[in-house]
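Order of the sequence lines sets the chain letters (A, B, ...), proteins ahead of strands, with each chain counted from 1. All figures in this text were calculated on a predicted structure; none of them were measured in a lab.
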Protein chains: 2
Amino acid sequence: MKSTINDVAARAGVSIKTVSRVINNEPSVRPATRKKVMDAVEELHYQPNLAARNLAGTRSYTIALIYDNPNAYYVIDMQNGILEACKARGYELLIHPSNSKSDTVNDELRALVEHSKVAGVVLTPPFSETQSVIDEVRKLGLDYVRIVSSGAAEGDEDNCIQVDDAAAAYDITKHLIEHGHKRIGFLCGGEEHISTHGRLDGYKQALQQAGITIDPELIVPGEYSFDSGVSGAKHLLEQDNPPTAIFASNDEMAAGALFAARLMHIEIPAQLSIVGFEDSPFSRQTWPKLTTAHQPNNEIAKCAAALVLNKARSKSAAETAAANKDAGIMKKFVPELLVRDSTGDSPT
Amino acid sequence: MKSTINDVAARAGVSIKTVSRVINNEPSVRPATRKKVMDAVEELHYQPNLAARNLAGTRSYTIALIYDNPNAYYVIDMQNGILEACKARGYELLIHPSNSKSDTVNDELRALVEHSKVAGVVLTPPFSETQSVIDEVRKLGLDYVRIVSSGAAEGDEDNCIQVDDAAAAYDITKHLIEHGHKRIGFLCGGEEHISTHGRLDGYKQALQQAGITIDPELIVPGEYSFDSGVSGAKHLLEQDNPPTAIFASNDEMAAGALFAARLMHIEIPAQLSIVGFEDSPFSRQTWPKLTTAHQPNNEIAKCAAALVLNKARSKSAAETAAANKDAGIMKKFVPELLVRDSTGDSPT
DNA sequence: TGCCAAATTGACAGCGTTGTCATTCGCTTG
DNA sequence: CAAGCGAATGACAACGCTGTCAATTTGGCA
């Protein structure tokens, strides 16, 4: 039923090693021979067996995605993007949700290498921004790509896909300012996420540039969750001099803010503007639909995966660089402002 | 660095075959020997190499999850549940999103077997309810579990985890009836999903039992999406004699209904009650929070995975049955009514 | 004590690939 | 036309494990 490399070799009238050379795109195979083999592969619907490859070869054909993110949409987008890249090159993806609080990732990483012989990993926040994890990955000799907020790329740009949160947050804030808002509240995401700092920076920068004094009262700590959005917004709106707009660090928090406003009988966007960040599907399913910044997670993931795969299959850094150039892999993304219905002119 | 079965054998002073026996829990190993080996395993942190196992053995150590569901929360819940079961037994999970419209699943299934030597699959709707897919899986000799709406289990109960949509829908409808609602609209999910039929049946049954005539005008076709919920609800609410409650086939549709109501300045739940189904996280993030039926997807997935794994590792059906009994695997789930804020007394 | 069946253990051959290294081929060159 | 050299090809071991079957040990019983 299922054909092996032997079948192909027999059919093509060559040795199995030559077949191996062809399917791995190695040099030193005469074009005529290559064609013979490829024909045989075609006819037999031959597909190399992954287990055998992993076992025999020095390199492996599986990569892992490491994440700890309550946002299902984010995770799914990542998975699908990576899966696309993997499929195109015959790789397999192991998904690995982990717990960033529990400090077991490093052990899990090691197990992943020894047990499943993973070749590379895609790291998402917060792991991608945790030094001990990065160190471990390097120690294990894994190829890796970190999806990070721009600030966290430091001297490791080659291994990073950056999301420029500050630039996007700047745009968002500017959008609010242009609508006459002067008192703009900011709902922070979790401290441990670099992204929330980047977003805050962009917010501050836009205010400063517009000559608006930054009021610390308007910046409230929190985490990337609906509930945090509810309480943070309440906190802001109960102040003596409440803001006319709220910048929530992600869509979930923005949904929370919307909820709080609703509770307090505040009309959106007539009395209060609210913006989110990320363009989660549900930012389109709230009332009113959320103004937000579109973060192309699927695209980001695809690039990240392409990057690891290029590394995994190349021997030298130069070779990797060349492959990357060819593939047109983007390494920096700026989420784009998406104006919907939750923002409008300042009431004052 | 990484230890192999040889290292363990050397350390324990036995042959590798004996080590193999121990780690596979095979009989015919003297307790003393077993202990020696287990100690060595412990000391060396030995973990069998998956690629080698897959290559050498007749059975494999990976299963796949096949799905095509736009609901990220559903998918993530499934993945996590299965992953848990897999981890506990040293299995690996391959996720396989596919396209139910394109008819390529069967080929993909075959590739999964030949290429990655998958031992079993967990099928979710709509694949779990598509005969051609089930046939292919059987033909390939795969162990499988289908997660299905009760109606679709027919003579294949042993391979099914059932969700009793009808029973849950009955409960939901009854809840509405008890609040005095007599005209209850029903927003159907996609025709191709058995679940939507089950839910509709439960709805009808509850009405009949309460002596309420079923009005076909109140049953509107649609699909499991937000937009469908919006348009379906609009359609209902624009009728001359609009319903006082709407039963949406899932939470997303319910959110859409909420949105439509908002558009038409209808107060929820004062003027209109709305219920969803599934208890997606976002059913808690709408205003008002949705009354729905809690579907324990994570639990369902765990049971499904446990079921395939038991099959995969057992030789005989009897053995499988025994293993299942031990594990206390539940095979039928009834989503439970969860009353929140979107339902109330009928205004009339 | 001796014998035998059953229980326990081990030797060895794969599984389907890749890596290493030796061999052969096809040309160029003198 | 033969030598010589790099390119193309192949033989074979190895990867870490399981399956098969043979060898050894154990314990019960006469």
Main-chain N/O of I66(A) paired with T124(A) side-chain donor or acceptor, under 3.5 Å: yes
Please give, in whole Å, the distance from dC15(C) P to N6(A) CG? 9 Å
Using only atom types and a distance under 3.5 Å, with no angle test, would you say the side chain of D77(A) pairs donor to acceptor with the backbone of Y74(A)? no
For a 4.5 angstrom cut-off between non-hydrogen side-chain atoms, does L307(B) reach I161(B)? yes
Without swapping roles, check the side chain of D68(B) against the backbone of S100(B) for a donor-acceptor pair under 3.5 Å. yes
Distance test, side-chain N/O of Y61(B) to OP1/OP2 of dG16(D), below 4.0 Å: no
Under 4.0 Å between a side-chain N or O of N49(A) and OP1 or OP2 of dC15(C)? no
Whole-Å gap separating P (dA14(D)) and CG (L55(B)): 17 Å
With rounding to the nearest 0.5 angstrom, report the CG to CG distance, L55(A) to L50(A). 11.5 Å
Would you tell me if any nitrogen or oxygen in the side chain of S20(A) comes within less than 4.0 Å of OP1 or OP2 on dT17(C)? no
Output the rounded distance in Å from CG (N24(B)) to C1' (dG19(D)). 11 Å
Helical bend (five base pairs per end, nearest 10°) for the helix from dT1(C)-dA30(D) to dG30(C)-dC1(D): 50°
Separation of atom NZ in K35(A) from atom P in dA8(D), rounded to whole Å: 18 Å
Is there a side-chain contact between T58(B) and the phosphate of dG19(D), meaning an N or O under 4.0 Å from OP1 or OP2? yes
Where at least one partner belongs to residues 14-33 of chain B, residue pairs that pass salt bridge (Lys or Arg N to Asp or Glu O under 4.0 Å), sequence neighbours excluded: none
Is N54(A) touching bases, backbone alone, or none of the nucleic acid, heavy atoms closer than 4.0 Å? nothing
Side-chain donor-acceptor contact under 3.5 Å, Y144(B) with D156(B): yes
What string of B, S and - do you get for nucleotides 6-14 of chain C, 5' to 3', when a contact is any protein heavy atom under 4.0 Å? --SBBB--B
Round to the nearest Å and state the distance from R53(A) atom CZ to dC15(C) atom P. 19 Å
Could you walk me through whether E136(B) and R110(B) pass the salt bridge (Lys or Arg N to Asp or Glu O under 4.0 Å) check? CA-CA 8 Å; E136(B) 181 70 24; R110(B) 215 167 309 124; 3.1 Å; yes
Roughly how many Å is it from CD in E26(A) to P in dT20(C), rounded to a whole number? 11 Å
Between C1' of dG19(C) and CD1 of I5(A), the distance in whole Å: 13 Å
Under 3.5 Å side-chain donor-acceptor pair for D135(B) and Q131(B): yes
